[in-house]
Number of protein chains: 2
Amino acid sequence: MNSVASEPRLIGLDWGTSSLRAFLIGGTGEVLDVVSAPQGIMHVEGRDFDAVFHRLVQPWLRGRVLPIIASGMITSRNGWRETPYIRVPSGAEELARNLVTHEASGGVRLWFVTGMTTERDGAPDVMRGEEAQIVGATGADMGDGVYVMPGTHSKWITVAGGRIEDYATYMTGEIFGALKSHTILGTLMTDGGFSSEGFHLGAEAGLSGGGELLHRLFNVRTLPLFGRIGPEMTADYLSGLLIGTEIGAAAGGLDGATITIVGRGDLAERYAMALALAGLKSRSAPENIVARGHFLIARAAGLVS
Amino acid sequence: MNSVASEPRLIGLDWGTSSLRAFLIGGTGEVLDVVSAPQGIMHVEGRDFDAVFHRLVQPWLRGRVLPIIASGMITSRNGWRETPYIRVPSGAEELARNLVTHEASGGVRLWFVTGMTTERDGAPDVMRGEEAQIVGATGADMGDGVYVMPGTHSKWITVAGGRIEDYATYMTGEIFGALKSHTILGTLMTDGGFSSEGFHLGAEAGLSGGGELLHRLFNVRTLPLFGRIGPEMTADYLSGLLIGTEIGAAAGGLDGATITIVGRGDLAERYAMALALAGLKSRSAPENIVARGHFLIARAAGLVS
């Protein structure tokens, strides 16, 4: 636990599919305390979201009343309360106007931040939770520009005039897992540390491959079969090939731009490497930007002053 | 069993990963009899290929000596006898010169047709078995041109001057299975008859999508989520999207060409539909072309006159 530096003003919940985090937030949007739990919406016994919620935030509510704001998959069909998407372009103001209020047990009131939808090439795209992170990032001096949020389903988000202008989802992470575990491509892979060489070769193939992904994936089998890459490089070659293909598609035409990477750790570093190979600059967004997003949305809604 | 119309001259074996077929072949390359068995190389108990072989062809060898030729994954690392690939461009002559002889039990001699390899964008590609089918198709009046062999791993093969000039593998079929069974995309699918509408919408998205496959796959989730396509259309939308993406990549620049489809049934029909959407003509290769391929290779090798 961090020491409490100022008076708590808000509780923010980032409640996703596989886990959730709760933030105790001060009067300038700073994080005073944070707790996390493994009860993402797919792991809540008996779908008793109310019980998980109370267990997590109760210690912060003793003797106090605080506004509570929640974002993420918790507002999806499989969550606590389904809320309608709002359309891009939207930012903190639009999200604030579309907060959905909900009364939990014990008379505790929550405000749900809804997700955002867009339309591209005749098909809709969806997100729930990322919009609060991006609102936080723009408030944390990251400003306008292009953001990438690596993950199971990567999001590429364009921010203009302080609002989310448009975005697109890429299923890169989930497809990596399915191909590695459930196709012939995994059979020639051996474990080991990160193979920078394998990743770079794959990323270069992906960046230049365009529509040839279904063919180039077969190289993940043939290259180790012919001894061109080692079995210990093969998983990272596949990772590079998919991330490179994603960047080639999502960042085409962004020559020389700086991409802001939201997230930390190994996956964020892979994106930074592949962005550099693509001739793009990158930087990292600060941690816990979702709490700042909750604060900015709550302030725009008049829940905190 | 077919009636025996002329004297048998050759036995041909098409021995793949999941099944095998044996052909009794006459003096003009015609099929006199055919038997099949489920003992593809991954399903041979104790890897006793010799026993499977004898059980299958013994009835044809009573009181006769016939040359026997075998092609397919049976010559791979996990098969009966691994043989080295030959390079494209190659045809019946080159395959005949590179036959690998093998003595089975009882003094019965086989000739293995080896596979072909090519190199593209710094990576090798491989096939074992398709080369004998294509040799057969060119001998069956299909001639030069572009062939597609739909399947788990589709092959696109260019024939020029009666030889296989080059080819590329697309993992479309295997990736369809992995995505349908092991990602979130399968969760919104319901069974039903073939949805032509779903397939066409998907194929159009694939044909126009180029490098955007990792993004467009997410539409397989969002379109039914928004009620834009029915759950019973969704699997066929995914099928169309992948096949359309494959054709867009493999047949780019072939405007107005006729593509020969090797194979029958539902999958071949899907390729014909998607090729038409791409503005290409298509036709079907005759059945059992692999037996004709065996005959032509055997004749080039002097095993039949």
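Letters go in sequence order (proteins before strands), and every chain restarts at 1.
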If I take atom OG1 from residue A/T172 and atom CZ from residue A/F176, how far apart are they, to the nearest 0.5 angstrom?
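A/T172 OG1 to A/F176 CZ: 11.5 Å, rounded to 0.5 Å.
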
Max heavy-atom pair count under 4.5 Å with chain A, selected residue of B/R77, B/R216, B/E174
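With the most close heavy-atom pairs to chain A, the winner is B/E174.
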
If we define contacts as heavy-atom pairs under 4.5 Å, which of B/L214, B/L179, B/L225, B/L217 has the most with chain A?
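Option with the top pair count is B/L214.
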
So for [X], is it side chain, backbone, both, or neither that comes closer than 4.5 Å to the heavy atoms of chain A?
X: B/L201; result: neither
X: B/I229; result: neither
X: B/L213; result: side chain

Could you check whether any side-chain N or O of [X] sits under 3.5 Å from a backbone N or O of [Y], counting only pairs where one atom can act as donor and the other as acceptor?
X: B/R47; Y: B/N78; result: yes
X: B/E131; Y: B/G129; result: yes
X: B/W15; Y: B/T75; result: no
X: B/S90; Y: B/I86; result: no

Between B/F194 and B/E269, is there a side-chain heavy-atom distance shorter than 4.5 Å?
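No, every pair of side-chain atoms sits at 4.5 Å or beyond.
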
Only heavy atoms, only distances under 4.5 angstrom. Which residues in residues 249-257 of chain B are near chain A?
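The list, in residue order, reads B/A249.
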
For chain B, which residues from residues 115-126 of chain A have at least one heavy atom closer than 4.5 Å to it?
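Residues A/T117, A/E119, A/R120, A/D121, A/G122, A/A123, A/P124, A/D125, A/V126 are the ones that qualify, each having a heavy atom under 4.5 Å from chain B.
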
So which part of A/K155 gets closer than 4.5 Å to some heavy atom of chain B, the side chain, the backbone, both or neither?
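When you check distances to chain B, only side chain atoms of A/K155 fall under 4.5 Å.
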
What part of A/R221 is in contact with chain B, defined as an atom under 4.5 angstrom from a non-hydrogen atom: side chain, backbone, both or neither?
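Answer is neither: A/R221 stays 4.5 Å or more from chain B.
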
Heavy-atom pair with the smallest gap, counting every atom of [X] and [Y]:
X: A/S154; Y: A/E246; answer: CB-OE2, 3.2 Å
X: A/M73; Y: A/I41; answer: O-CD1, 3.5 Å
X: A/L207; Y: A/G248; answer: CD2-N, 3.8 Å
X: B/E165; Y: B/A160; answer: OE2-CB, 3.6 Å

Does B/E82 CD have over 12 foreign heavy atoms under 6.0 Å away?
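Result for CD/B/E82: enclosed.
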
Please confirm whether A/F218 and B/H153 have ring centers closer than 6.0 angstrom.
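Centroid separation for A/F218 and B/H153: below 6.0 Å.
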
Could you check whether B/R128 makes a cation-pi contact with B/Y85, meaning its NZ or CZ is under 6.0 Å from the centre of the six-membered ring and within 45° of the ring axis?
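Yes, B/R128 lies over the aromatic ring of B/Y85.
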
